[in-house]
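Reading through the structure tokens given below for one structure.
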Amino acid sequence: MLDPKLLRESPDLVRAAIAKKHLEVDVDAVLAIDTAWRAQLQEVESLRSKQKAANTEMAALPKGSPEFVAKVAEMKAVSAQVKERDAQLKEIEEKFKQAMLSLPNLPHASVPEGRTPEENVVHLTHGAVDQARPDAKPHWEIPGFEKLFDFSRGAKVTGAGFPFYVGDGARIVRALLHFFLEEDGKAGYTEVNPPIFVNAASAIATGQLPDKEGQMYETTPDHLYAVPTAEVPLTNFFRDEIIEESALPVYRCAYTPCFRREAGSYGKDVRGLNRLHQFDKVELLKWVHPATSYDELDKLRLDAERLLQKLELPYRVLLMCGGDLGFAQSKKYDLEVWSAGQKRWLEVSSCSNFETFQSRRAQIRYRSKESGKTELVHTINGSGLAVPRVLAALLENNLQPDGRVKLPAALVPYFGKEYLTFA
RNA sequence: GGAGAGGUGGCUGAGUGGUCGAUAGCGGCGCUUUGCUAAAGCGUUGUACGUGUAAAAGCGUACCGGGGGUUCGAAUCCCCCCCUCUCCGCCA
């Protein structure tokens with residue numbers, strides 16, 4: 001959500017942001033609702049003010065005195081008026097809230113122009129990408145794949161997109177998670193093991209609700225939501241709280257399974273480990289002072305990159321253009337790993353600065369030493385990293401002629417052996 | 001799951017229909033005193049929105065777990081929900 005004051009004072013900034021993101025929002029309509037809301041608010045408040053004044057007067061009058069009785073009669077009318085106007089106010093307020101929620105976050109000046117994913121800027125490419133490799137095959141075609149990653153039985157037991165990981169399949173997942181968490185810890189992120197169900201208030205604060213409820217699994221009868229990412233419980237950790245400025249920046253990381261309904265996808269995008277309803281991910285999250293947030297975004301991205309480097313996987317970093325940036329983000333980098341068998345890039349991390357867009361909804365603030373006032377923090381997050389696609393790349397890129405997968409040295413201590421085997 | 005007791009400002013804790021944004025204490029901040037520390041005395045002490053301003057000050061409204069109701073008026077009465085604690089049951 002944007003600051004309503006920003007909209008009032010600089011509507012052109014908001015219009016420019018909408019244009020850069022290639023969205024269609026009627027800013028004038030929002031402004032009109034804002035004006036109406038403020039007028040209505042003042043009317044209700046002045047009526048309330050009358051009530052309060054009368055209340056003080058009446059407290060001094062003897063009950064049952066003619067003056068008292070007259071006052072009650074008079075205030076009855078005011079009371080009825082308040083009731084009516086207040087109902088109208090609530091209606092307008094709801095409209096205003098919806099209107100404000102329709103406004104996207106402002107893109108940072110460094111975000112490139114562009115409408116489509118093709119216009120994202122390749123920020124850097126790391127490692128050699130051998131486009132040829134005739135031997136390479138998609139991971140789901142590797143002989144024995146189904147033994148380690150049992151999609152059929154997963155489908156029987158739960159449904160499509162819920163594989164069993166068996167033997168070395170389970171072991172490699174555990175090794176990757178352990179590796180990620182250890183490395184993230186070394187980079188300064190405090191490990192958190194959060195709840196994997198959240199209530200509606202939390203899902204609203206991070207923006208999953210009200211629009212994207214179809215993407216989450218919801219429980220009955222308690223109406224809790226299975227987390228689509230650890231970002232949700234992690235961000236909400238400080239919801240409605242004021243953090244000491246001296247405590248900033250706060251670095252946290254968390255592993256959770258992530259649950260996504262992801263309706264409407266098809267084709268090779270969803271083959272094998274590319275897209276699952278349940279997958280494992282370590283999320284990095286920072287709460288930072290606004291003055292440092294873009295430096296902190298770069299640092300977080302480098303932390304995620306380092307993981308790929310240690311895994312010796314070729315990857316590239318995309319700087320998302322305005323049209324592909326996303327509604328809530330001010331700036332976003334995607335990390336994509338090269339998948340030799342599929343001959344394409346797979347997104348394994350998305351690192352974003354939300355500035356105050358999330359913290360305003362979640363009311364996460366710090367007290368400024370300078371002004372003594374509370375200010376909204378900036379939130380930054382990114383994966384560090386998501387397991388299945390990293391795993392897909394490892395399998396495809398490192399498959400040996402003998403059918404085994406050679407693991408990068410960094411992973412060996414966690415996996416316990418040098419090769420993953422499908423036998 | 002059953003029974004009971006509670007949720008008030010940073011914390012402790014008063015307040016059962018009106019002058020209560022809320023007594024008091026602690027903590028915090030400022031000043032005085034002080035060689036330093038400690039102690040004492042005095043003062044001050046939340047958040048949000050609107051309005052106002054160059055920015056402030058000021059003014060208005062709301063907030064006593066959340067939501068709804070009764071009433072001229074609700075921290076206080078009624079209803080629903082959430083959470084915490086104690087005892088019992090069950091259980092990894």
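Atom set for the values below is all heavy atoms of this structure, side chains included, hydrogens, waters and symmetry mates excluded. All chains are named by letter (A, B, ...) in the order of the sequence lines, taking the proteins before the strands, and each is independently numbered beginning at 1. These figures come from a predicted structure and were not determined experimentally.
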* To do: Quickly work out the A/Arg48 CZ to B/G18 P distance and round it to whole Å.
  =>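 Checked: the CZ to P distance equals 20 Å.
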Would you please indicate yes or no on a ring centroid separation below 6.0 angstrom for [Y] and [X]?
| X | Y | answer |
| --- | --- | --- |
| A/Phe145 | A/Trp140 | no |
| A/His108 | A/Tyr294 | yes |
| A/His378 | A/Phe354 | no |

* Using the C1' atom on both, measure B/A5 against B/G73 and round to a whole Å. =>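 Taking atom C1' in both B/A5 and B/G73, they lie 31 Å apart.
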* To do: Check every strand shown and say whether A/Lys5 touches a base, only sugar-phosphate, or nothing at a heavy-atom separation below 4.0 Å.
  => sugar-phosphate
* Select base, sugar-phosphate, or nothing to describe what A/Lys71 touches, counting heavy atoms under 4.0 Å on all strands. => nothing
Taking the side chain of [X] as heavy atoms from C-beta outward, which of [options] is closest to it?
| X | options | answer |
| --- | --- | --- |
| A/Lys90 | B/G18, B/G50, B/G68 | B/G68 |
| A/Trp37 | B/G50, B/G18, B/G68 | B/G50 |
| A/Val72 | B/C72, B/U47, B/U61 | B/C72 |

Across all strands, who's sitting opposite [N] as a Watson-Crick or G-U wobble pair, both distances under 3.5 Å?
| N | result |
| --- | --- |
| B/U44 | B/G28 |
| B/U70 | none |
| B/G21 | none |
| B/G4 | B/C85 |
| B/G50 | B/C59 |
| B/G9 | none |

* Kindly state which residues belonging to residues 39-46 of chain A come within less than 4.0 angstrom of RNA chain B, counting heavy atoms of the residue only, listed by number. => A/Leu41, A/Gln42, A/Glu45
* Asked: Donor-acceptor pair under 3.5 Å: do we get one between A/Lys63's side chain and the base of B/G18?
  ->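 Between B/G18 and A/Lys63, which were checked side chain against base, a qualifying N/O pair under 3.5 Å is present.
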